[in-house]
Amino acid sequence: MDSAKRQLIQLSQSHPSAAIRERADEIVLKMNHPSLMSQDQSGFLTIVHQIPLYHTAGQTDMTIQWSGKKTDDGQIDSSHCRVMFYLHLGNLDETIVDLQIQQRVLQIVVWNEHPGLKDLALEFLPALKKGVEENGYTFSSILFKIPESRPGPGTVTDQHPAGHKGVDIRI
């Protein structure tokens, strides 16, 4: 983190393009900014960060939510935690990546409406497994789910037949 920050500061001070200097400054500002939210409830810790993400389709913010058991030194226990990434990407639209870690065993659930995402992601699976194992974790599974569309709230007339007249409906 420190080396990335140093490189961004150097980029913001010496790059010839003003747009790149400005973006580097924005990233450094986000890195220095405290988390959006932090909750500490009886041995359980939740932290939410928002980080600018630049890609070919433009700029978006990546929101990361860390949740887990708190260790004695006040950190999140990396052996038992959950990390959720909320992304809005140009071609994939809204995506949620849910990493659940129990006893250093990692399970990933990816929520996205894009029908071909699973096929696109499968080519990266061997590299993902290798990286997870190199960091001392065991890779369990990856699931791809499409979010369910929920209908809006119905009206009273949707729930009762319209054949009754002169009758009050009590709620």
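Here Gln100 contributes atom CD and Ser141 contributes atom OG; the two are 9.0 Å apart, rounded to the nearest 0.5 Å. From Gln107, atom CD reaches atom OG of Ser140 across 5.5 Å, with rounding to the nearest 0.5 Å. Considering CG of Asp119 and NE2 of His114, their distance stands at 10.0 Å, rounded to 0.5 Å. To the nearest 0.5 angstrom, Asn135 atom CG is 10.0 Å from Ser78 atom OG.
Across Gly68 and Ile76, no two heavy atoms sit closer than the pair CA-CG2, 4.0 Å. In plain terms, the two heavy atoms of Leu122 and Pro126 that are nearest each other are O-CD, 3.7 Å.
By the 4.5 Å heavy-atom criterion applied to side chains, Pro147 and Glu113 are counted as neighbours. Counting heavy atoms from C-beta on, the side chains of Trp66 and Val48 never come closer than 4.5 Å. Side-chain contact between Ile47 and Leu45: present, with at least one pair of heavy atoms (C-beta onward) separated by less than 4.5 Å. In this structure the side chain of Gln103 reaches within 4.5 angstrom of the side chain of His80, judged on heavy atoms. Phe144 has its side chain within reach of Ile142: a pair of non-hydrogen atoms, C-beta onward, lies under 4.5 Å apart. Looking at heavy atoms from C-beta onward, Ile101 lies out of side-chain contact with Asp77 at the 4.5 angstrom threshold.
In the hydrophobic cluster analysis, where Ile, Leu, Val, Met, Phe, Trp and Tyr join through side-chain heavy atoms closer than 4.5 angstrom, Val110 is grouped together with Leu128. With hydrophobic clusters built from ILVMFWY side chains whose heavy atoms lie under 4.5 angstrom apart, Val132 shares a cluster with Ile64.
Shown here are the side chain to side chain contact (heavy atoms under 4.5 Å, CB included) partners of Glu133, two or more places apart in sequence or in another chain: there are none. The side chain to side chain donor-acceptor pair (under 3.5 Å) test applied to Thr138 returns no partner, not counting sequence neighbours. Arg82 is linked by a side chain to side chain donor-acceptor pair (under 3.5 Å) to Asp98, counting only residues two or more places apart in sequence or in another chain. Under the side chain to side chain donor-acceptor pair (under 3.5 Å) criterion, Thr95 pairs with Asn112, sequence neighbours left out.
Within a 6.0 Å sphere centred on CG of Asp72, heavy atoms belonging to other residues, nucleotides or ligands number 12 at most.
Between the side chain of Arg104 and the backbone N or O of Tyr137 there is no donor-acceptor pair closer than 3.5 Å.
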Checklist entry - Could you walk me through whether Ile108 and Phe139 pass the side chain to side chain contact (heavy atoms under 4.5 Å, CB included) check? => result CA-CA 9 Å; Ile108 301 173; Phe139 182 79; 3.8 Å; yes

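Leu120 belongs to no hydrophobic cluster with other residues, because no ILVMFWY side-chain heavy atom falls under 4.5 Å from its own, directly or through intermediates. Hydrophobic cluster membership of Met84, counting Ile, Leu, Val, Met, Phe, Trp and Tyr whose side-chain heavy atoms lie under 4.5 Å apart directly or via other members: Tyr86, Ile96, Val109, Trp111, Leu143.
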